[in-house]
4 protein chains.
Amino acid sequence: MQLGLVGLGKMGFNMRERLRAAGHEVVGYDRNPEVSDSASLADLVDKLDAPRVVWVMVPAGDATLNTVADLAGLLAEGDLVIDGGNSRYTDDKTNSELLARTGVGYLDCGVSGGVWGRENGYGLMVGGDAEQVERAMPIFDALRPQGPREEGFAHAGKVGAGHYAKMVHNGIEYGLMQAYAEGYELLDAAAEVTDVPAVLKAWTRGTVVRSWLLDLLVKALDEDPGLAELSGYVEDSGEGRWTVEEAIRHSVPAPVISAALFARFASRQDDSPAMKAVSALRNQFGGHAVHKAGPTSGSGEVK
Amino acid sequence: MQLGLVGLGKMGFNMRERLRAAGHEVVGYDRNPEVSDSASLADLVDKLDAPRVVWVMVPAGDATLNTVADLAGLLAEGDLVIDGGNSRYTDDKTNSELLARTGVGYLDCGVSGGVWGRENGYGLMVGGDAEQVERAMPIFDALRPQGPREEGFAHAGKVGAGHYAKMVHNGIEYGLMQAYAEGYELLDAAAEVTDVPAVLKAWTRGTVVRSWLLDLLVKALDEDPGLAELSGYVEDSGEGRWTVEEAIRHSVPAPVISAALFARFASRQDDSPAMKAVSALRNQFGGHAVHKAGPTSGSGEVK
Amino acid sequence: MQLGLVGLGKMGFNMRERLRAAGHEVVGYDRNPEVSDSASLADLVDKLDAPRVVWVMVPAGDATLNTVADLAGLLAEGDLVIDGGNSRYTDDKTNSELLARTGVGYLDCGVSGGVWGRENGYGLMVGGDAEQVERAMPIFDALRPQGPREEGFAHAGKVGAGHYAKMVHNGIEYGLMQAYAEGYELLDAAAEVTDVPAVLKAWTRGTVVRSWLLDLLVKALDEDPGLAELSGYVEDSGEGRWTVEEAIRHSVPAPVISAALFARFASRQDDSPAMKAVSALRNQFGGHAVHKAGPTSGSGEVK
Amino acid sequence: MQLGLVGLGKMGFNMRERLRAAGHEVVGYDRNPEVSDSASLADLVDKLDAPRVVWVMVPAGDATLNTVADLAGLLAEGDLVIDGGNSRYTDDKTNSELLARTGVGYLDCGVSGGVWGRENGYGLMVGGDAEQVERAMPIFDALRPQGPREEGFAHAGKVGAGHYAKMVHNGIEYGLMQAYAEGYELLDAAAEVTDVPAVLKAWTRGTVVRSWLLDLLVKALDEDPGLAELSGYVEDSGEGRWTVEEAIRHSVPAPVISAALFARFASRQDDSPAMKAVSALRNQFGGHAVHKAGPTSGSGEVK
């Protein structure tokens, strides 16, 4: 079928390739003319036959909200917009209500798979009306991995459910990554274990902890032994934060996901005000030798 | 090759089947005569041709230590004992030193795979001398999953390294399970997501969080929708505790693995003394209405 | 000086007493006529001489927002409203902007001290313009504990700063309470320590952990040995959640405060969906005996 | 009464001063002849009248164990040794059993108060036989703060109970410090609050979070505004680790105390292997721009 695709960055570009390989007609638009198939959003809309389906694949937040608002002014009754970005699920209500005013449908779709999705397919979680989901199914079927549909695609619920599921997916991802990372650091610290990469590789078949993330960790250690080329500074991109906020909203204990998030925050701090305060307290009550800002040495103990 | 196998419980029994299917001669011993191939440990040793290889697959702790001590009195120079149980890595030193007095070799082998190992093969992590590892390789090759050896087997280091790696494996496992569990609870709590099992199933291909544990969660929800037949009381079996203790010993931050462990502890408490203390404090300073032991009601607020 | 006081619940009632004892003229209003000095909010405003100062002490959220909105319609240029409730700091902007339209000033004041404040005085943190703070200083001086002003009162910053400081105060409080509670539970579990209340009491002078909260825990154990009359079900009232949300917003690691918050969430769950999921996973991969919903028994182990 | 005191470091020196000020006769021994009252441990024992009481105040672990072993060879039936150091409670069994062979009594005494103890007195928690405790009471009474005995002294239980209680005291201390520290960092990060030291100072009277540690934090910020002279590198000295290990042994959830401990571990890491692993994973699946070892820049996002 025919699809308009707004946003041809790392994700959108690859998705266009996968969709075309599956025989779909994709008209892309990106601000970068080198990758764009159309001159403007208006041009994109012109190039599509009504009723149109337009997939938005731009950064979450204002970029997505503005793109949807622009589309609301260009599309017509019976058209459909799908937001495949990492939007916060609360934005979906805004988008769907805006589009509904002119009879344009809306689906939100959480997309997982990263740069590997072009080849392996993307895991998809969709929110919105069943009728609209059915209409876009050929697109979902082309994007999702081969195999049974339900193993790479879900109609998760009403509008917002797709991004909600993707948010939780990423929250879990934070926890999984941190669990492997803590184990890796411990293996690395233990004198007993002399071949850490071999141990991780031996876990990739048969064990309880086998997973795609483990495969990637093995691959990373193979490409960069000791991870010598990386620093321990880790960004976070929103969904982890939102997941903890939602956990709070629903009174759901989330000690693991929040610990993973806070570990990232801490990884980005050179000199934490909190730990300076702890240091100050130890100094105050114990006369503990503390590390001064700048070159340091020494240690002492009083209880 | 020929192997003595002590302990034919859920794990040992299945391993005997897998080894025999691979053409090895296994003489098993278990206290339960219905599954045992020999009348006693001494009888088992008698039935084996020297130099013997005896695999111990009994509960960690005293049972394993006593079995190895008994074997030390029965085996002869040139024989080899492999402890495949979930022993603490510090026990391996005890065992190997005891056996070394009479020239008996020792390997420790962490085994992962659970009840699925008989069919899928077991992930194996081994500690000890390379020569002994090589000697037992036909057994390891039969037990590990099919595929490249290094994807289901590692010679992790010296004596103790196998169990150390298995310990960390299980610590990671705690973290992974808790991460999925928190995500599951949050999806369950969110009104937006109306088909939680479908979302989890859609994650099994293509997504970043795909894993064997996720497959099992999907299976569990399929067999017992809403997990209605289970309570939230979760045991732990040692390795999670040891992992945190090792993290402390090596000054490795382990917020996720420890949070997963503590969540299990908390799951087994009906009425936590700690939370009663928090409740008492709130009552003291705020005149907060608190939940009394027994039927409760009401709520209040003072700051 | 003269003060209008809206809300005569546990906090407001005590504050009126303390203010009157200090010689101030307080005209109170409460929906409960038994404690109210005026028949309505309008009546309260009528009873005050311009320029008026009205202190709002009602539940945070809609009750406070609505009260301020009502006051906005009743007060006149030059009047001043002080919100002493546990409002979220973001509400202060709403309130101050609304009142500013008619030239009414606004201060937000975090108040700590609980039911003990009437006797001991209240710790006060205030946000707003210095001029307005100065104007209300006689009230603040009467409410705060005796001693140097700066040890019980702070002008924390602009509008919102008072409630922000109070929010963080309460977040810290969550962490402190949980720290004592964990220690209490551990002492309680240890066979070595046979007189837990005596230990806690011995900490109240001279030690590093001495504090008012510790005094209260000692008092609680004195009044209810073993805390036998309490359940471990612990409510939370908002500020702990907001603190973690603010920590996330500012990328500040808050492992302790969040752990304390999540411990409360968990204390309120009979059967946690997350722990049921962990239980289901253990059952799937290990054939672990799991606790079924309903009467349970048994245990098993497979790795 | 007469007391031998071994170890005249920061703690022992101050305790000798306090004991002498209370009229007791203290014969001290330290390897440093400048502060020592005796030439050797044997000389110390010679200088005391039987039955002797010797207080050991040296670093925990080997130093204490060796000192007690040396005393076992020098003391006689009816003498008493008190270990006032920060020993692990498990060492007390070793010490008491060794001394019991020659009829020498043993008490373990947890001591809290730091460098302020000389002036304020020390909080004391004692383990051992009631008879021996009674015998040493004049010493305990001189060391503890003025006021009711039970507010600065406890006979916590049998041998080991004193150090157990001190261990838990310090575990709680870790949690308290981290709670204040997180709150401090959040206040510091918030644009709303413009006078953080004033807020902390305003909490020192009347509020729920008032404590001695808070007083010290106020003092630290007063002496070193912004804590500019300190780094965020924080040592730990054993009891925090032991507390978490004991929590694990007793299946007591300790999320706050462990989080505080791990925050210290993390504060000492420049480049965490765990966070490098997380970074590597993000890079693998997302093509996320990651921070390389060395000068870095940029950011990207793929999901």
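Chain A is the first sequence line, chain B the second, and so forth, proteins listed ahead of strands; every chain is numbered from 1.
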Among [options], single out the residue with the greatest number of heavy-atom pairs under 4.5 Å to chain D.
options: R249(C), E246(C), R210(C); answer: R210(C)
options: G175(C), A154(C), A181(C); answer: A154(C)
options: P145(C), G183(C), A156(C); answer: A156(C)
options: G206(C), G117(C), G110(C); answer: G206(C)
options: T204(C), D195(C), T194(C), V209(C); answer: V209(C)
options: E151(C), K201(C), Q146(C), K158(C); answer: E151(C)

Answer with side chain, backbone, both or neither: which region of [X] has an atom nearer than 4.5 Å to a non-hydrogen atom of chain C?
X: L200(D); value: neither
X: P197(D); value: neither
X: Y89(D); value: side chain
X: P255(D); value: both
X: R144(D); value: neither
X: A263(D); value: neither

Report the distance from atom CD of Q178(D) to atom CD1 of I257(C), rounding to the nearest 0.5 Å. 9.0 Å
Between R149(D), E150(D), M125(D), which residue shows the highest count of heavy-atom pairs closer than 4.5 Å to chain C? E150(D)
When the 4.5 angstrom heavy-atom criterion is applied to L214(C) and chain D, the contacting part is neither
Can you say whether F153(C) sits under 4.5 Å from chain D via the side chain, the backbone, both, or neither, judging by heavy atoms? backbone
Please step through side chain to side chain contact (heavy atoms under 4.5 Å, CB included) for the pair V208(D) and H169(C), ending with a clear verdict. CA-CA 8 Å; V208(D) 174; H169(C) 167 281; 3.8 Å; yes
W212(C) versus T207(D), closest heavy-atom pair with distance: CE3-O, 3.8 Å
Side chains of L176(C) and Y180(D) in contact at under 4.5 Å (non-hydrogen atoms): yes
Side chain of E185(D), backbone of P253(C): donor and acceptor closer than 3.5 Å? no
Surrounding CD of E119(D) (heavy atoms of other residues, nucleotides or ligands, distance under 6.0 Å), is the total greater than 12? no
